[in-house]
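When reading the values below, keep in mind they use all heavy atoms of this one structure, side chains included, and skip hydrogens, waters and symmetry mates. In what follows, every chain begins at residue 1, and chains take the letters A, B, ... in the order their sequences are listed.
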Number of protein chains: 2
Amino acid sequence: MPRLVAERADALPALGELFREFGFEGTSLSMITVATGLGKGSLYHFFPGGKEEMAAAVLAEIDAWFATHVFEPLRRDPDAAAGIGRMFQAVDAYFRGGGRVCLVGVFSLGDTRERFATTLRTYFAVWGAALTDALSRAGWNPTAAADFAEEILAGIQGALVLSRALDEPAVFSRMLARLRQRAIG
Amino acid sequence: MPRLVAERADALPALGELFREFGFEGTSLSMITVATGLGKGSLYHFFPGGKEEMAAAVLAEIDAWFATHVFEPLRRDPDAAAGIGRMFQAVDAYFRGGGRVCLVGVFSLGDTRERFATTLRTYFAVWGAALTDALSRAGWNPTAAADFAEEILAGIQGALVLSRALDEPAVFSRMLARLRQRAIG
DNA sequence: AGGTTTGTGTACCGGATGGTATACTCTTAC
DNA sequence: GTAAGAGTATACCATCCGGTACACAAACCT
């Protein structure tokens, strides 16, 4: 019998989609065993802390992905406008043009928020700081940059909610295009 | 022994806060009995359809509230800018300056979405149409008005997510102020 | 080859879940 | 004053919950 999942990390994508779709409370261990192909024995071997450790691992993976694909370009690209452009491109790819929801947003709205409070707060705080920095380097004055960074992050999250409610992913694409236009023309 | 809840409608506020905070799946009947002071017997007397009917009733109440306090002023106020101003005021009050979350948004993100799909879609579609109309009457050209209406709705929803994640309601207030400024100066 | 780590299947735990059944007590109307 | 219906309390249902225990198998190292 072949192993479907060889390492703990191989289970994370399936776990992520589950938590995105059903939330933390809504995702049951039996759903997880089906989606990952791992029995409870294996799951608790990889994640001794149970469901909470699984969710924390998914959040950490998301954090790492955004750090390398979004935050770093924003901070490191000598051409600030280019870094911002890469951010919009990465965000569009990550959320699949509005067809995928933000796990950090989902967790932030529910009571799960308290459980992962610092992770959730840090995610948006770091993103906001990096974006503010890039906007400043792109020519915005500091206070306007901070305001606009906030507006961009909220716009992205809100567009995901709206796309989902209206079942119309184009809402997300349009929002991304508008924000990019305002940011770097 | 006095009746804490004399009518079905008296249970809706408590139900709303519960669903907002814990989502549909996360809200259990025992939490509901505690929060409303009603035993299961009474609950199923008022809501024969169980938890799903309770959530539907809450959504209907929200819909009605927004219809009278938000959608109607947008459409009916002869002074379009004043109608838009009243919308921002009503929204700020309803979401308590960012301290309260949008149940429609919460339901839209999870798997609950499918259960109440048409209600959720209609809520945003009607709001968007009313706001587009008001913006047009306030001087925006039709396509720009539709775009900006979308941006306003997403901004509101996103700001609620961000306020919650950062535990900083001021994010919501700032967003509302910025949007109002852009809309009616 | 032997033994140890790493991973897996399965039975099981106490408790909570949404929902039902039923017997009861009020209030109201005649 | 009594009958009907509205509203309530309680016990109970099957099912599922997250988590644990433990025996077992494959992979690895020496």
Side-chain angles (χ1 to χ4, degrees), chain A residues 1-61 103 106-107 110-116, chain B residues 1-59 103 106-107 110-116:
Chain A
M1 179 182 303
R3 287 205 311 199
L4 295 172
V5 174
E7 307 177 48
R8 169 185 145 124
D10 296 337
L12 294 183
L15 284 170
E17 295 310 319
L18 247 21
F19 285 131
R20 250 180 270 272
E21 184 74 11
F22 303 101
F24 182 77
E25 319 271 1
T27 302
S28 71
L29 283 186
S30 66
M31 294 164 74
I32 294 175
T33 60
V34 171
T36 60
L38 290 171
K40 286 192 189 182
S42 308
L43 283 172
Y44 274 84
H45 174 72
F46 287 129
F47 306 96
K51 216 166 62 152
E52 181 156 348
E53 185 172 340
M54 300 178 206
V58 171
L59 284 175
E61 199 200 24
L103 181 59
V106 171
F107 277 8
D111 66 318
T112 321
R113 181 182 64 122
E114 286 145 37
R115 226 188 276 248
F116 304 106
Chain B
M1 177 183 303
R3 287 206 311 200
L4 295 172
V5 174
E7 310 177 46
R8 170 187 145 123
D10 295 338
L12 294 183
L15 284 169
E17 295 311 319
L18 247 20
F19 286 132
R20 250 179 270 272
E21 183 75 10
F22 303 102
F24 183 77
E25 319 271 1
T27 302
S28 71
L29 284 187
S30 66
M31 294 163 74
I32 295 175
T33 60
V34 172
T36 59
L38 290 171
K40 287 191 189 183
S42 310
L43 245 19
Y44 274 85
H45 173 73
F46 287 129
F47 306 96
K51 217 167 59 152
E52 180 155 347
E53 185 172 342
M54 300 179 206
V58 171
L59 284 175
L103 181 60
V106 171
F107 277 9
D111 65 318
T112 321
R113 180 182 65 122
E114 285 144 37
R115 227 187 274 247
F116 303 106

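- Counting non-hydrogen atoms under 4.0 angstrom, Thr33(A) reaches nothing in the nucleic acid.
- If you measure from atom CD of Glu25(A) to atom C1' of dG19(D), you get 15 Å, rounded to the nearest angstrom.
- Note: Glu21(B) CD to Leu103(B) CG = 11.5 Å, rounded to the nearest 0.5 Å.
- Without hydrogens or angle criteria, Lys51(B) side chain to Phe24(B) main chain gives a donor-acceptor distance under 3.5 Å.
- For Ser30(B) and dA16(C), the shortest distance from a side-chain N or O to OP1 or OP2 is not below 4.0 Å.
- For Lys40(B), the listed nucleotide lying nearest its side chain is dC12(D); candidates were dT8(D), dC12(D), dG18(D).
- Close to dA16(C), at under 4.0 Å from its OP1 or OP2, lies no side-chain N or O of Ser28(B).
- Residues Leu38(B) and His45(B) have side chains not in contact (no heavy-atom distance under 4.5 Å, counting atoms from C-beta outward).
- The side-chain heavy atoms of Asp111(B) and Glu25(B), taken from C-beta on, include a pair separated by under 4.5 Å.
- Distance CZ (Arg8(A)) to P (dT5(C)): 21 Å, rounded to an integer number of Å.
- For the pair Glu52(B) CD and dG19(C) P, the computed distance is 9 Å after rounding to whole Å.
- Set against dG19(C), dT8(D), dG18(D), the side chain of Phe46(B) has dT8(D) as its closest nucleotide.
- Of all heavy-atom pairs spanning Phe47(A) and Ala57(A), the tightest one is CE2-CB, 3.9 Å.
- Summarising the geometry, the separation between CZ on Phe47(A) and P on dG19(D) is reported as 13 Å, rounded to the nearest angstrom.
- Computed from coordinates, the Leu38(B) CG to dG18(C) P distance equals 16 Å when rounded to whole Å.
- Comparing Gly49(A) and His45(B) by the nucleotide of DNA chain D that holds the closest heavy atom to each, the one mapping nearer the 5' end is His45(B).
- In this structure, Leu43(A) places its CG atom 14 Å from P of dC17(D), rounding to the nearest Å.
- Here the C1' atom of nucleotide dC12(C) and the CG atom of Leu29(A) are 15 Å apart, to the nearest Å.
- Atoms CD (Glu53(A)) and P (dG19(D)) sit 11 Å apart, rounded to a whole Å.
- Of the residues near DNA chain D, Pro48(A) and Met31(A), the one whose nearest nucleotide (by heavy atom distance) lies more toward the 5' end is Met31(A).
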